[in-house]
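We number each residue from 1, following the sequence as shown.
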Amino acid sequence: MQNRTTAIQITGERRENSMKKRIANVLSSARGLLNSKSGDQMTGWLIVVLVVVVVGAVFMTLYQGSITSIWNSIVTKITSLLS
């Protein structure tokens, strides 16, 4: 009976240490991911693209009439030169 309880204690200790090691490995992997700068760089580029799109949309909304008239005059000059 004594051997059985000792074996159970040893097995339980091995399982507990194994779980501790697994948790430690997962935490160290997560720490490595949080320290990675590639995610920060991707977020920065996404912010830049978002700002460019918003500024472009505001510009197009405010100056749509001017852009249309300039484009029409360019098309008229090109078609007059070709004919």
Side-chain angles (χ1 to χ4, degrees):
M1 192 67 168
Q2 180 71 23
N3 289 339
R4 184 179 174 133
T5 30
T6 306
I8 291 173
Q9 288 174 347
I10 291 172
T11 306
E13 185 178 331
R14 285 182 185 165
R15 288 181 184 161
E16 184 178 339
N17 287 338
S18 176
M19 187 58 74
K20 285 181 182 178
K21 288 179 184 177
R22 288 180 188 169
I23 292 172
N25 288 340
V26 168
L27 290 177
S28 67
S29 298
R31 188 177 305 123
L33 289 175
L34 292 175
N35 290 335
S36 175
K37 298 296 181 191
S38 62
D40 294 339
Q41 184 177 7
M42 181 62 72
T43 304
W45 279 111
L46 288 175
I47 290 172
V48 168
V49 169
L50 180 66
V51 168
V52 167
V53 168
V54 169
V55 169
V58 169
F59 180 80
M60 290 295 290
T61 303
L62 292 175
Y63 299 106
Q64 186 174 5
S66 301
I67 293 170
T68 305
S69 64
I70 292 170
W71 180 255
N72 287 337
S73 66
I74 291 171
V75 170
T76 305
K77 286 183 182 181
I78 290 174
T79 53
S80 67
L81 288 173
L82 291 176
S83 46

* Under a 4.5 Å cut-off applied to non-hydrogen side-chain atoms, are Leu46 and Leu50 in contact? -> no

* Asked: Does Ile78 belong to the same Ile/Leu/Val/Met/Phe/Trp/Tyr cluster as Ile70, with side-chain heavy atoms less than 4.5 Å apart forming each link?
  -> yes

* Hydrophobic cluster identity match, Leu62 and Met60, side-chain contacts under 4.5 Å -> yes

* To do: Check whether Phe59 and Val53 end up in the same hydrophobic cluster, where Ile, Leu, Val, Met, Phe, Trp and Tyr are linked by side-chain heavy atoms less than 4.5 Å apart.
  => no

* Asked: Atom CD1 of Ile67 and atom CG of Asn72: how far apart are they, to the nearest 0.5 Å?
  -> 12.0 Å

